[in-house]
*Asks:* 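Sharing a structure, written as structure tokens. Questions coming.
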Amino acid sequence: MDEIQIFEKLNENMQNLENVENEISMLQLAIYQKNIEKLKDCKMNEIRELFEQKSRFYNQKSEKYEYEIEKNINKYKEQLEKLINVYDNLYVNIFKIMQNAMNNQKIAIANIVTLTERLQKEKLTDEEIQKIQNTIIACAQKKLNYAVIIDECKTRIKWCIENVQADINEVFMNNIYQLQIYEDNIFTEIKRIIFNKISGKSKFKRFLENYENEYIKDIKSKNSSKVLDVISTLKGIMKQMEEVKEQISIKYKQMIYS
């Protein structure tokens with residue numbers, strides 16, 4: 001196998017590797033989306049269960065307060081989706097950077113094959129030969145440099161997957177078991193029922209109002225902080241990657257004309 005065939009085989013292997021990497025990345029994306037959707041459904045079920053528990057605790061029918069309950073649930077959902085969307089944007093942008101780096105690796109290998117063919121098939125001056133040899137080495141180095149970007153992107157994607165779930169669980173906590181009523185003390189239970197017959201309606205209405213004014217407000221505050229952190233992280237990544245690409249380009253030109 002001559003040198004050209006070796007590089008052609010390497011180019012083919014790069015293409016096959018890229019296809020495998022793409023399949024892995026798409027599978028990873030599908031798993032990410034499925035897990036986030038599952039977590040979102042869990043949080044929405046928890047918030048609904050919280051209102052159901054509260055209505056039973058105050059001896060009220062939740063259907064009578066459907067408007068107030070749904071308003072709170074929608075505000076909760078809006079904040080949840082806001083956090084999910086900003087992480088989705090982070091994930092997609094990192095994925096695009098990784099795909100771009102893989103494409104640049106493929107171009108570098110293809111250029112090596114083309115340049116090697118020129119060396120073997122064309123009559124060139126010593127100066128032209130030297131320039132082509134420098135370019136081949138520069139292309140090989142470029143491939144290695146873009147591998148650093150790919151590895152960094154894989155690390156960032158893993159961080160994204162882990163962090164989005166942690167942030168959702170941290171910001172959107174629902175203590176749905178805090179209202180569990182223990183019926184081992186029948187006197188306490190009877191007292192609660194009598195008390196809620198008298199003031200349960202006003203207590204539940206106050207809870208619904210306070211939920212929006214206090215809990216939703218707290219969620220917005222925490223969520224805004226998380227969203228800003230993710231946006232800052234994305235900006236940092238984009239800036240870092242642009243700087244790395246610029247350094248790769250400078251190094252490439254230096255190696256060609258050295």
Side-chain angles (χ1 to χ4, degrees), residues 1-34 86-162 230-258:
M1 184 180 291
D2 61 25
E3 191 174 10
I4 294 177
Q5 288 177 319
I6 291 173
F7 283 117
E8 286 178 343
K9 188 64 177 178
L10 178 59
N11 191 32
E12 181 184 343
N13 290 340
M14 280 292 300
Q15 182 64 55
N16 292 335
L17 179 61
E18 183 184 10
N19 292 337
V20 172
E21 290 281 0
N22 284 337
E23 289 179 8
I24 292 173
S25 297
M26 294 307 296
L27 178 60
Q28 191 176 33
L29 175 59
I31 293 172
Y32 164 80
Q33 291 174 330
K34 184 177 180 180
V86 76
Y87 267 107
D88 285 349
N89 187 46
L90 174 63
Y91 193 112
V92 169
N93 275 281
I94 296 173
F95 183 81
K96 286 180 179 178
I97 293 170
M98 184 171 68
Q99 290 295 104
N100 179 262
M102 289 180 176
N103 287 336
N104 275 289
Q105 280 192 320
K106 187 168 65 174
I107 291 170
I109 295 298
N111 287 339
I112 291 174
V113 173
T114 301
L115 292 169
T116 303
E117 287 178 342
R118 283 194 64 194
L119 284 176
Q120 294 188 3
K121 294 181 179 180
E122 296 180 18
K123 291 183 178 181
L124 304 166
T125 65
D126 291 342
E127 184 179 350
E128 288 173 330
I129 291 172
Q130 183 63 52
K131 186 175 180 180
I132 289 175
Q133 287 176 338
N134 288 346
T135 304
I136 289 173
I137 295 172
C139 286
Q141 185 61 51
K142 179 184 279 191
K143 177 191 173 297
L144 294 175
N145 290 338
Y146 272 106
V148 175
I149 292 181
I150 293 169
D151 289 341
E152 177 67 15
C153 287
K154 289 178 179 179
T155 300
R156 292 289 188 174
I157 285 175
K158 183 180 179 182
W159 175 88
C160 183
I161 293 170
E162 294 172 351
V230 176
I231 291 173
S232 296
T233 298
L234 176 56
K235 287 182 178 179
I237 292 172
M238 298 296 285
K239 182 179 179 181
Q240 178 190 18
M241 292 305 170
E242 285 301 319
E243 290 175 351
V244 171
K245 285 171 67 177
E246 180 64 23
Q247 290 171 6
I248 291 174
S249 178
I250 292 172
K251 184 68 175 177
Y252 175 78
K253 292 175 182 177
Q254 288 175 342
M255 293 182 73
I256 290 177
Y257 299 108
S258 62

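In what follows, every heavy atom counts, from backbone to side chain, and hydrogens, waters and symmetry copies are set aside. Throughout, residue positions are numbered sequentially from 1 according to the sequence presented.
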*Asks:* Closest heavy-atom contact between Gln105 and Tyr146?
*Replies:* CG-CB, 3.7 Å
*Asks:* May I have the step-by-step check of side chain to side chain contact (heavy atoms under 4.5 Å, CB included) for Trp159 and Thr233, ending in yes or no?
*Replies:* CA-CA 11 Å; Trp159 175 88; Thr233 298; 4.1 Å; yes
*Asks:* Going from CZ on Arg156 to CE on Met98, what distance comes out if it is rounded to the nearest 0.5 angstrom?
*Replies:* 14.0 Å
*Asks:* Would you give the length of the straight line joining atom CG of Leu90 to atom CD1 of Ile237, rounded to the nearest 0.5 angstrom?
*Replies:* 5.0 Å
*Asks:* When Ile256 is tested against each of Thr135, Ile137, Ile132 for side chain to side chain contact (heavy atoms under 4.5 Å, CB included), which residue passes?
*Replies:* Thr135
*Asks:* So, taking the atom named CD in Glu128 and the one named CD in Glu122, what distance separates them when rounded to the nearest 0.5 Å?
*Replies:* 8.0 Å
*Asks:* So, do Val244 and Val148 sit near enough that their side-chain heavy atoms are less than 4.5 Å apart?
*Replies:* no
*Asks:* For a side chain to side chain contact (heavy atoms under 4.5 Å, CB included) check, start with the C-alpha distance between Ile149 and Ile248, then their side-chain angles and the critical distance, and finish with the verdict.
*Replies:* CA-CA 10 Å; Ile149 292 181; Ile248 291 174; 4.0 Å; yes
*Asks:* Using a 3.5 Å distance criterion without hydrogens, assess whether the side chain of Asn100 forms a donor-acceptor pair with backbone atoms of Lys96.
*Replies:* no
*Asks:* Could you please spell out the steps behind the side chain to side chain contact (heavy atoms under 4.5 Å, CB included) verdict for Gln247 and Asn145?
*Replies:* CA-CA 9 Å; Gln247 290 171 6; Asn145 290 338; over 6 Å; no
*Asks:* Any side-chain heavy atom of Met238 sitting closer than 4.5 Å to one from Ile97?
*Replies:* yes
*Asks:* Closest approach of Ala108 and Cys139, non-hydrogen atoms and distance?
*Replies:* CB-O, 3.5 Å
*Asks:* With rounding to the nearest 0.5 angstrom, report the NZ to CD1 distance, Lys154 to Ile94.
*Replies:* 14.0 Å
*Asks:* Can you find a heavy atom in the side chain of Phe95 that is under 4.5 Å from one in the side chain of Gln28?
*Replies:* no
*Asks:* Could you walk me through whether Gln130 and Asn134 satisfy the side chain to side chain donor-acceptor pair (under 3.5 Å) test, starting with their C-alpha distance in whole Å, then the side-chain angles of each, then the deciding distance to 0.1 Å, before giving a yes or no?
*Replies:* CA-CA 6 Å; Gln130 183 63 52; Asn134 288 346; 2.9 Å; yes
*Asks:* What are the two closest heavy atoms between Ile112 and Thr116, and how far apart are they?
*Replies:* O-OG1, 2.6 Å
*Asks:* Less than 4.0 angstrom from a charged side-chain N to a carboxylate O is my criterion; do Lys131 and Glu127 meet it?
*Replies:* no
*Asks:* Does a donor on one side chain and an acceptor on the other come within less than 3.5 Å for Asn103 and Gln99?
*Replies:* no
*Asks:* Any non-hydrogen side-chain atom of Lys142 less than 4.5 Å from a side-chain atom of Ile107?
*Replies:* no
*Asks:* For Val86, what residues pass the side chain to side chain contact (heavy atoms under 4.5 Å, CB included) criterion, not counting sequence neighbours?
*Replies:* Leu83, Val227, Val230, Ile231
*Asks:* How long is the straight-line distance from CD1 of Ile157 back to OH of Tyr32, given to the nearest 0.5 Å?
*Replies:* 10.5 Å
*Asks:* If you measure from CD1 on Ile129 to NZ on Lys123, what distance do you get to the nearest 0.5 Å?
*Replies:* 12.0 Å
